[in-house]
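So the structure is just underneath, and the comments pick up after that.
Numbering of ligands and ligand atoms starts at 1, following listing order.
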Amino acid sequence: MKVLVINAGSSSLKYQLYNMEDESVLAKGLVERIGMDSSILTHKPTNKEEVTEVSEILEHTTAIRKVLDKLTDKEHGVLNSVDEIQAIGHRVVHGGETFKGSALVTGEVKAEIRRLFDLAPLHNPPAIMGINAAEKNMPGVPQVVAFDTAFHQTMEEKVFLYPIPRVLYKKHHVRRYGAHGTSHQYVSKAAAAYLERPIEDLKIITCHIGNGASLTAVEGGVSVDTSMGLTPLEGLMMGTRSGDLDPAVVTFVMNKEELSISEVNSMLNKHSGLLAISGVSSDMRDITDGMEAGEANSTLAFEMYEYRLRKYIGAYAAAMNGVDVIVFTAGVGENSVVVREKVCQNLSYLGVEIDPELNKIRSGEPRRISSANSKVEVLVVPTNEELVIARDTNRIVQEAKQAQ
Ligand code: AMP
């Protein structure tokens with residue numbers, strides 16, 4: 001089965017086409033600046049040259065049509081006909097408490113995603129645009145939705161509730177949901193497979209640290225705690241997000257600076273984190289370059305980032321009463337030798353010891369960076385959220401066919 005995986009944002013649309021016979025990627029790409037002039041489509045067929053096309057793409061239906069044109073193009077295509085695409089998988093950020101796993105798209109499922117707009121006003125509406133656009137371009141092709149929150153639905157009430165009046169949970173569903181679930185699930189499973197140990201026996205801390213960043217405590221294969229909350233703002237210090245702070249900071253600053261709700265939201269989501277402290281960049285490469293050059297603000301930004309990350313690892317070791325495996329993934333986790341080194345240096349009380357040489361090796365495969373003496377396995381596992389979505393889509397569509 002060939003599965004097209006779509007990740008629709010408000011002005012962008014990423015795609016990957018999989019051949020599920022061998023889980024190979026046939027092509028991938030990105031449409032940027034949808035709804036603006038000069039939209040850019042970048043298409044990369046596997047084993048062929050990347051192509052870029054600039055045109056006016058006003059909405060998602062046209063974006064998907066252009067993607068399908070590229071996938072079937074004589075020169076740059078990988079398909080003879082669009083009919084070869086037998087299923088479509090979509091990434092959706094918020095599944096609320098309804099979705100505990102991926103689901104086949106039906107009218108009811110779409111209505112439920114719409115009901116959840118309140119909880120993810122920036123992210124769920126574009127997902128619906130992507131689903132409708134795919135439906136228009138490929139009528140009758142089954143679609144599946146995979147949710148960033150679903151993996152964390154196993155968290156217990158004592159973990160997911162905030163200690164605030166319970167009426168807010170009942171009335172407005174205010175609770176912790178987490179995010180990056182697809183990634184945490186994938187890398188925890190891949191870590192157990194790499195170690196050739198049953199995941200049921202393992203206490204794993206997965207560190208998904210990219211531009212957005214979250215940690216998950218995975219015990220026996222299920223998420224027991226995760227650092228993001230009602231929204232992706234809670235938890236670690238990130239590229240442009242603050243992560244944890246005293247909630248009174250928000251009202252205090254709003255009062256002193258006369259900020260509106262949207263202004264304070266923008267401050268905490270887009271103008272905080274590494275960017276705010278370094279005054280230079282939200283990108284860890286720039287921060288470590290600045291630190292190496294002896295620049296004080298970048299050094300402080302790095303130290304705060306590392307300290308907060310390490311505190312969370314300690315918290316999750318406490319939450320599970322131990323840790324067998326620590327996994328680093330996503331842009332920073334997979335690539336930053338120095339972040340991994342500094343975090344692990346200060347986890348010696350847990351028996352963590354990394355091998356500096358193994359830590360420097362780069363490969364696209366799961367690998368161990370802990371030394372033979374380490375009491376905790378420390379791994380780098382490249383994440384692959386699209387593959388999880390493709391697998392779920394394949395499985396759910398096959399099951400639906402068999403049930404017919
Ligand atoms: P992601 O959100 O997973 O795509 O991660 C993107 C982030 O990864 C970038 O903003 C960088 O901060 C970080 N990153 C990518 N490559 C490197 C690298 N070689 N060293 C340090 N950080 C990196």
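Here's the thing with Asn211: one of its N/O atoms is less than 3.5 angstrom from an N/O atom of ligand 1. Where the criterion is an N or O separation shorter than 3.5 Å, residue side chain and backbone included, His208 fails it with respect to ligand 1. Remark: ligand 1 and Met284 share an N or O pair separated by less than 3.5 Å (distance only, no angle test). Between Gly331 and ligand 1, at least one pair of N/O atoms sits closer than 3.5 Å.
Under a 4.0 Å criterion applied to the non-hydrogen atoms of Val332, ligand 1 contributes the atoms 8 (O), 12 (O), 13 (C). Atoms of ligand 1 found under 4.0 Å from any heavy atom of Gly210, numbered from 1 in the order shown, are 1 (P), 2 (O), 3 (O), 5 (O). Taking every heavy atom of Ala330 and a limit of under 4.0 angstrom, the matching atoms of ligand 1 come to 3 (O). Close contacts between ligand 1 and Ser336 involve ligand atoms 21 (C) [criterion: under 4.0 Å to a heavy atom].
For atom 19 (N) of ligand 1, the nearest non-hydrogen atom of the protein is Asn335 CB, 3.4 Å. From the protein, the heavy atom lying nearest to atom 11 (C) of ligand 1 is Asp283 OD1, 3.1 Å. Protein heavy atom at the shortest distance from atom 20 (N) of ligand 1 is Arg285 CG, 3.4 Å.
Taking both residues in full, the closest heavy atoms of Ser102 and Val144 are given as CB-CG1, 4.1 Å, listed atom of the first, atom of the second, then distance.
Side chain of Arg241 to backbone of Leu268: no donor-acceptor contact under 3.5 angstrom is found.
When each of Lys203, Met155, His152, Met320 is checked for a side-chain contact (heavy atoms from CB on, under 4.5 Å) with Val224, only Met320 meets the rule. Put simply, the residue from Glu53, Glu75, His76 that forms a side chain to side chain donor-acceptor pair (under 3.5 Å) with Lys70 is Glu53.
Taking the six-membered ring for Trp and the full ring otherwise, His94 and Phe147 have centroids separated by 6.0 Å or more.
Figure legend: cation-pi geometry between Arg175 and Phe160, with NZ or CZ positioned under 6.0 Å from the six-membered ring centre and within 45° of its axis.
There is a protein heavy atom closer than 4.0 angstrom to atom 22 (N) of ligand 1.
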Could you check Ser183 against His208 for side-chain hydrogen bond (donor to acceptor under 3.5 Å, both in side chains), going step by step and ending with a plain yes or no?
CA-CA 7 Å; Ser183 175; His208 177 110; 2.8 Å; yes
List the steps, then state whether side-chain hydrogen bond (donor to acceptor under 3.5 Å, both in side chains) holds for Asp355 with Ser371.
CA-CA 5 Å; Asp355 179 320; Ser371 70; over 6 Å; no
